[in-house]
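Only one structure is covered here, and it is reproduced in the block below.
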Amino acid sequence: MINPWLLGLVLPLVGLGLLWLWTKGRGSDKHDRHTRKNLGNRSEAIVRTRGDRLEIYSGPGTTYRITGNLRNGQQVILSGRYNNNWAELADGGWVPLQYLETNPQYTY
């Protein structure tokens, strides 16, 4: 007969190990983030300003902290989240949707 106390310790450890093996590599998009393949809900866009840099904010509005900027013509990947005419970038930050060309015509 197996000791119930020992069984109570071993089963969760085995279960966590199996769960870790099953999820290993799943959901990781670090290799797909800047490619046209496997974007899921994400989409590509091009920054369109009058030559000025576009500021990136930590949230969907100008009252949030500025965390960086983008150049005119720069290609970005959007996360697929939008809030009051703001778009979230896949790698973090928010930009006004009006400065993004969301259906760009790429030439390769």
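All residue numbers refer to positions in the sequence shown, counting from 1.
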With sequence neighbours left out, which residue pairs that include part of residues 42-78 fulfil the ring pair (Phe, Tyr, Trp, His ring centres under 6.0 Å) condition?
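Ring pair (Phe, Tyr, Trp, His ring centres under 6.0 Å) check on residues 42-78 returns Y57-W86.
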Applying ring pair (Phe, Tyr, Trp, His ring centres under 6.0 Å) as the test, list every pair that has at least one member in residues 65-84; sequence neighbours left out.
none
Is the shortest side-chain heavy-atom distance between [X] and [Y] below 4.5 Å?
| X | Y | result |
| --- | --- | --- |
| T102 | L78 | yes |
| L100 | I46 | no |
| D52 | N72 | no |
| D91 | S79 | no |

Non-hydrogen atoms of E55 and V95 that approach each other most closely:
O-CG1, 3.7 Å
Rounded to the nearest 0.5 Å, what separation is found between the OG1 atom of T49 and the OH atom of Y99?
8.5 Å
Rounded distance (nearest 0.5 Å) linking atom CD of Q98 with atom CG of L54
9.0 Å
Could you check I56, L89, N83 and say which one makes a side chain to side chain contact (heavy atoms under 4.5 Å, CB included) with W94?
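Running side chain to side chain contact (heavy atoms under 4.5 Å, CB included) over I56, L89, N83 with W94 returns exactly one hit, N83.
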Worked verdict on E44 versus I77 for side-chain contact (heavy atoms from CB on, under 4.5 Å)
CA-CA 5 Å; E44 296 175 330; I77 304 295; 3.6 Å; yes
Please collect all salt bridge (charged side-chain N to carboxylate O under 4.0 Å, His left out) contacts where either partner lies in residues 64-82, sequence neighbours excluded, each pair once.
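Matches after skipping sequence neighbours: R81-E88.
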